[in-house]
Amino acid sequence: MAMNKEKNTITTSLSLLCQRFLLPLTIFLAINGRTNAVLPGQTEQDMKNHKGRVHDLDGVGDEWGVVERKGNQFVVGGQPFYFNGFNTYWLLMLAVDQSTRGKVSDVFRQASSIGLTVCRTWAFNDGGWRALQKSPSVYDEDVFKAFDFVLSEARKYKIRLVLPLVNNWESYGGKAQYVKWGIASGLNLTSDDDFFSDPTVKGYYKAHVKVLLNRANTFTNITYKEDPTIFAWELMNEPRCPSDPSGDKLQEWIQEMAFHVKSIDSVHLLGTGTEGFYGPSSPERSRLNPNPVAGQVGTDFIRNHKALGIDYASAHLYPDAWLPKSASNDYAQFAATWIQGHTDYADAELRMPVVFGEFGVSLSKAGKSNSTQRNTFIAAVYEAMLNSTKRGGSGSGCLLWQVFPEGTEYMDDGYAVVLTKAPNTSNMLALQSKRMQIFNSRCSWRCHWSCKKKNRTNHDVRLPRDEL
């Protein structure tokens, strides 16, 4: 008995050693591309299938691969992948109802026609009406099938998706809904920010991530974690934790959840979804924040994106909501400064791509007659992005908030751009898309823009100098 007990003790100790040290090391190496080790829940065949995965696009007659990161750039099949994109966050809701499902196809078709190649949309609806997740780990299959449709339609029009996994805000449930579920189960929670620290609530989130990433699409038969239609996951839409301005609580959550996501899906890119505010790790940069409150919401652009498993930096851009009203004429200048600052720091310190996941100016705030101001702002954003792109920098893409198809204006939050009704804005988006496509085709990532190939002349001919 004593000998058996000793053997059991040794076996248990070895098991704990594997769980605490070898498993995290395996995931760490896999995240950084330094091993062919098999991750938890994966077989060796899974790893072989993931490596260099490409899928045939049914009905398109083409193939595309998963977007990857090489240094401070995105690549697909060794070629640089810069993009121009848009937000349409409510696609899941429209897809649920057969009478509005066609609007999902409309927005993808219209966006594709002007060269937009990435869309950001919610991968959640927690609690409430037409919820995807009705309660922790309880799902509405009809709603899930609606999301399957969104992915299949995006694939059809060759538009990749950025998918936030939960909302910071109460719309569509958000962290507040998770806390409500915790309270209903008997937990003593007092703040929505308990979402980031309570073990049970974090378990709810982890379980949702596991279900979502392992979902097999009923239209394409491809699991989400293997689908090249998905450009990236985002841990959260605009995470904030104002109860801890030091940023420690949110940073620990980002690290824990990045590890969790990558343990399930080591193929796709992962972002934080943050707004890009500078925090305590770089106090000298606080002057670049749009207002004093921005540095007190628990986020930290530099520190957040040094977390293991985060593949690219995230930032948003809303001068009309962030800046004092007295600065309403400085939107374009703020955009240029904000983008240059983030791309410079991403190049020098983070050495990773940066995506401006949301940017926009509200016409309801600028005045209905002042669409010119919005277009001036968009032009400034595109010019600042192009300044980074032209030198092979980290500025990899930006996504306008937000594009609407006709017949959905009743959902307009003031930022909507209906492409068929805004020809000037639509032309600007189309031109920027052409610019990015030209850079994608110039040379391979290995060239890293330093060779100055002769085809630069062709590029200059295709776009006038004042449009470069």
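In what follows, every heavy atom counts, from backbone to side chain, and hydrogens, waters and symmetry copies are set aside.
Between the side chains of Y139 and H208, a donor-acceptor pair is found at a separation under 3.5 Å. With no hydrogens or angles considered, no side-chain donor-acceptor pair links Y345 and Q340 at under 3.5 Å. If you check the side chains of Y318 and E358, you find a donor sitting under 3.5 Å from an acceptor. Side-chain atoms of N304 and T274 form no donor-acceptor pair, as typed in the model, at a separation below 3.5 Å. In the model, N84 has a side-chain atom that pairs as donor or acceptor with a side-chain atom of S433 under 3.5 Å. Looking only at atom types and distance, the side chain of R109 has a donor-acceptor partner in the side chain of Y157 under 3.5 Å away. When only modelled atom types and interatomic distance are considered, D413 and W401 share a side-chain donor-acceptor pair under 3.5 Å. A donor-acceptor contact closer than 3.5 angstrom links the side chains of E226 and T223. Checked by atom type, the side-chain pair D320/S362 shows no donor-acceptor distance below 3.5 Å.
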Derivation and outcome, side-chain contact (heavy atoms from CB on, under 4.5 Å), residues L419 and I114: CA-CA 9 Å; L419 296 176; I114 60 170; 3.8 Å; yes
Step-by-step side-chain contact (heavy atoms from CB on, under 4.5 Å) determination, L163 to E234: CA-CA 6 Å; L163 300 175; E234 284 186 348; over 6 Å; no
Step-by-step side chain to side chain donor-acceptor pair (under 3.5 Å) determination, D347 to N72: CA-CA 7 Å; D347 284 332; N72 70 341; 2.8 Å; yes
Criterion side-chain contact (heavy atoms from CB on, under 4.5 Å) on T100 and T408, from CA distance to verdict: CA-CA 9 Å; T100 56; T408 58; over 6 Å; no
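The structure places CG of L213 at 10.0 Å from OH of Y224, a figure rounded to the nearest 0.5 Å. We find the NZ-CG distance between K156 and L151 to be 14.5 Å, quoted to the nearest 0.5 Å. Once rounded to the nearest 0.5 Å, the distance linking CZ of R351 with CD of Q73 reads 14.5 Å. Note that NZ of K210 and OG of S137 are 9.5 Å apart. Values are rounded to the nearest 0.5 Å. Atom CE of M236 is separated from atom OG1 of T272 by 11.5 Å, given to the nearest 0.5 angstrom. Atom CE of M436 and atom OG1 of T117 lie 8.5 Å apart (nearest 0.5 Å).
Using a 30° and 60° split on the angle between ring planes, F334 and W338 fall in the parallel class, below 30°. In this structure, H342 and F301 have perpendicular ring planes: the angle between them is above 60°, well past the 30° mark. Taking the six-membered ring for Trp and thresholds of 30 and 60 degrees, F74 and Y312 have ring planes more than 60 degrees apart, a perpendicular arrangement.
Ion pair R215/D148 flagged as a salt bridge, since at least one NZ, NE, NH1 or NH2 atom sits closer than 4.0 Å to an Asp/Glu carboxylate oxygen. The pair K306-D300 fails the salt-bridge criterion, with no side-chain N (NZ, NE, NH1 or NH2) lying under 4.0 Å from an Asp/Glu carboxylate O. With respect to the salt-bridge test (charged N to carboxylate O, under 4.0 angstrom), the residues R391 and D344 qualify. The residues R101 and E153 are annotated as not salt-bridged, no charged nitrogen and carboxylate oxygen being separated by less than 4.0 angstrom. E406 and K103 are not joined by a salt bridge, as no carboxylate oxygen comes within less than 4.0 angstrom of a charged side-chain nitrogen.
Under a 3.5 Å cut-off, the side chain of T121 and the backbone N or O of Y89 do form a donor-acceptor pair. A donor-acceptor distance shorter than 3.5 angstrom exists from the side chain of T88 to the backbone of V403, with no hydrogens or angles considered. Of the possible donor and acceptor atoms, one in the side chain of T389 sits under 3.5 Å from a partner among the backbone N and O of M385. Using a distance-only test at 3.5 Å, with no hydrogens or angles considered, no donor-acceptor pair links the side chain of Q251 to the main chain of K249. Side-chain N or O atoms of S152 include one that pairs as donor or acceptor with a backbone N or O of F149 at under 3.5 Å. Here the side chain of N125 pairs a donor or acceptor atom with the backbone of R130 at under 3.5 angstrom. Remark: side-chain polar atoms of S396 are not paired, donor with acceptor, to backbone N or O of P353 under 3.5 angstrom. Judged purely by atom type and a 3.5 angstrom limit, N217 uses its side chain to pair as donor or acceptor with the backbone of F219. Although no hydrogens or angles enter the test, the distance criterion places a donor-acceptor pair under 3.5 Å between the side chain of H260 and the main chain of K206. In terms of modelled atom types and a separation under 3.5 Å, the side chain of R160 and the main chain of P228 share a donor-acceptor contact.
Taking the ring axis of Y278 as reference, the NZ or CZ atom of R303 does not stay both within 45° of it and closer than 6.0 Å to the ring centre.
Of all heavy-atom pairs between S388 and S394, the closest is OG-N, 3.4 Å.
A ring-centre distance under 6.0 Å is found for W90 and F404. Remark: aromatic rings of F277 and H316 are distant, center separation not under 6.0 Å. Remark: aromatic rings of F195 and Y204 are distant, center separation not under 6.0 Å. Centroid-to-centroid, the aromatic rings of Y205 and W253 come within less than 6.0 Å.
Here the side chains of H305 and S314 are in contact, with some heavy-atom distance below 4.5 Å. Side-chain contact between R120 and Q402 is absent, with no heavy-atom pair separated by less than 4.5 Å. Two residues are said to be in side-chain contact when any heavy atoms from C-beta on lie closer than 4.5 Å; Y178 and D126 meet this criterion. Residues S371 and L363 have side chains in contact (heavy-atom distance under 4.5 Å, counting atoms from C-beta outward). At a threshold of 4.5 Å between non-hydrogen side-chain atoms, the residues L386 and F439 count as touching. Side-chain contact between V162 and C119: absent, with no pair of heavy atoms (C-beta onward) separated by less than 4.5 Å. Here the side chains of F86 and V107 are in contact, with some heavy-atom distance below 4.5 Å.
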Under 3.5 Å, which donor-acceptor pairs link side chains of residues 167-176 to any protein atom two or more places apart or in another chain?
unit_1	atom_1	unit_2	atom_2	d
N167	OD1	W169	N	3.3
N167	OD1	N237	ND2	2.8
N167	ND2	S171	O	2.9
N168	OD1	K175	NZ	2.9
N168	OD1	R240	N	3.1
N168	ND2	E238	O	3.4
W169	NE1	E238	OE1	2.8
K175	NZ	D193	OD1	2.8
K175	NZ	R240	O	2.8

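Taking K145 as the reference, nothing meets the salt bridge (Lys or Arg N to Asp or Glu O under 4.0 Å) condition, with sequence neighbours excluded. By the side chain to side chain donor-acceptor pair (under 3.5 Å) test, T337 pairs with Q333, sequence neighbours left out.
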